[in-house]
Amino acid sequence: MIKFLDLAKVNNRFRSEIDARIASILDKGWYLQGEENEKFAEHWASFCGVKYAIGVANGLDALRLIIKASGFGKGDEIIVPANTYIATILAITDNGCKPVLVEPDIKTYNINPDLIEAAITPQTKAIMVVHLYGQAVEMEKIWSLAQKYHLKVFEDCAQAHGALYKGKRVGNLSDAGAFSFYPGKNLGALGDAGAVVSNDKDLIEKVKALANYGSDRKYHHIYKGLNSRLDEIQAAVLDVKLASLDVDNARRREISKYYREHITNPKIILPEVYDESAHVWHVFPVRVEEREKFMQYLADNDIQTLIHYPTPPHKQPAYQEWQNCSYPVTEEIHRTIVSLPMSPVMTDAEVEQVVEIVNAYK
Ligand SMILES: *Cc1c(COP(=O)(O)O)cnc(C)c1O
């Protein structure tokens with residue numbers, strides 16, 4: 001069986017280091033807001049090339065906190081790709097803001113920069129880009145629109161740890177970036193974890209306070225905050241795993257290159273990439289008609305696949321208000337997309353096996 005992602009195998013590579021770091025936390029008896037958080041935040045900021053990072057409880061909170069810290073709420077509009085994972089949308093509506101959905105480019109699966117200007121209104125406050133499937137959004141046009149209309153730009157980096165655009169890491173391409181370290185992400189914790197990165201000291205200070213009951217010091221609350229802290233244990237695990245992130249991403253690139261060069265079945269639409277360093281292949285998405293049949297065929301041949309994602313946000317029961325909206329490019333992607341196995345621990349033999357089976361699909 002070729003697993004979509006063998007998480008035990010991913011994490012057991014770090015077993016002895018993780019065991020040692022957790023043992024030292026148990027010895028110290030300090031579980032929140034301590035040295036491990038400080039160390040990881042410093043290392044994560046430096047990896048991303050930004051001045052500041054702060055660990056939070058998960059990726060959704062990282063997104064929520066960025067919007068909250070920016071002071072956006074009721075009546076404010078935030079532009080967001082229509083084909084993103086639901087968390088990006090939830091972060092916006094949770095703050096009382098209105099998500100304004102913009103169609104993606106069918107080639108990159110990222111927001112189509114040419115469609116953004118038409119979606120800008122006097123209520124627009126920000127553009128939230130999502131580096132979907134691991135590919136950095138081409139930011140140039142987005143930056144110029146933001147400048148022209150005085151908008152903030154935020155990044156949902158939950159699928160793109162380490163991806164580069166013009167030599168800069170994602171998270172360093174906007175006013176603030178949100179990361180998730182959910183176990184299956186390119187950098188994953190052993191549970192929930194997230195981070196906010198930014199070059200804006202005031203914003204990071206505000207996120208830090210908001211994530212800790214809105215307090216700037218103990219028992220002194222300057223904001224109506226929440227509790228969204230990163231555990232010391234998760235910070236330590238992430239700090240151990242961070243040392244291998246670039247190597248892991250390079251392996252993902254190697255696998256994706258092999259897939260793209262050797263999958264020749266005309267029924268399979270392969271993903272395109274505008275620059276190899278821009279993509280960290282969180283998943284390897286292909287498109288195919290009769291997706292269920294294709295997935296069943298692969299399952300029958302012991303290959304696990306997943307769909308990212310089966311239903312677009314505007315068709316979710318939680319967002320009844322969009323039930324009658326139509327986003328044809330988004331719907332086409334959700335109808336046909338399927339992710340092949342992809343992880344840094346896949347062997348060459350497994351990658352070759354996937355290619356062989358996919359090419360034999362009729
Ligand atoms: C995983 C993910 C999130 C949410 O992260 P959690 O840590 O699960 O809250 C947000 N946006 C995108 C694009 C994601 O893939």
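Ligands are counted one by one from 1 in listed order, and the atoms in each one are counted from 1 as well. Just so you know, residue 1 is the first one in the sequence shown, and it goes up from there. Owing to the predicted nature of the structure, the values given are computational and were not obtained by experimental measurement.
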- Between Y297 and Y361, what is the ring plane arrangement, given parallel below 30°, perpendicular above 60°, and tilted in between? tilted
- State plainly whether the residues K166 and E140 are in salt-bridge range, i.e. N to O under 4.0 Å. yes
- Nearest heavy atom to atom 10 (C) of ligand 1 wins, so pick from A87, P81, G134. A87
- Side-chain donor-acceptor pair present, Q135, Y274, cut-off under 3.5 Å: no
- Does a side-chain N-to-carboxylate-O contact under 4.0 Å join K28 and E35? yes
- Item | Flag for T330-N83: side-chain donor and acceptor within less than 3.5 Å | no
- Query: Considering only the protein, which heavy-atom contact is closest to atom 1 (C) of ligand 1, and what is its distance?
  - Reply: K185 NZ, 1.7 Å
- Task: Determine, for D248 against R13, whether the closest basic-nitrogen to carboxylate-oxygen distance falls under 4.0 angstrom.
- Result: yes
- Heavy-atom contacts with A158 under 4.0 Å: which atoms of ligand 1 show up? List them by number with element. 2 (C), 3 (C), 10 (C), 11 (N), 12 (C), 14 (C), 15 (O)
- Polar contact flag for Y85 and ligand 1 (N/O pairs, less than 3.5 Å): no
- State whether the shortest distance between N or O atoms of Q159 and N or O atoms of ligand 1 falls below 3.5 angstrom. yes
- Message: Contact between ligand 1 and H282 is defined here as a heavy atom of the residue under 4.0 Å from a ligand atom; is it met?
- Response: no
- Indicate yes or no: does an N/O atom of D192 lie under 3.5 Å from an N/O atom of ligand 1? no
- Query: How close does the nearest protein non-hydrogen atom get to atom 13 (C) of ligand 1, and which residue and atom is it?
  - Reply: D156 OD2, 3.4 Å
- Query: Does an N or O anywhere in S180 fall below 3.5 Å from an N or O of ligand 1?
  - Reply: yes
- Between H220 and S215: side-chain donor-acceptor atoms closer than 3.5 Å: no
- Message: Checking contacts here: is it the side chain or the backbone of L60 that comes within 4.0 Å of ligand 1, counting heavy atoms only? Could be both or neither.
- Response: both
- Close N or O approach (G59, ligand 1; < 3.5 Å): yes
- Return the orientation label for the H161 and F179 ring planes: parallel under 30°, perpendicular over 60°, tilted otherwise. tilted
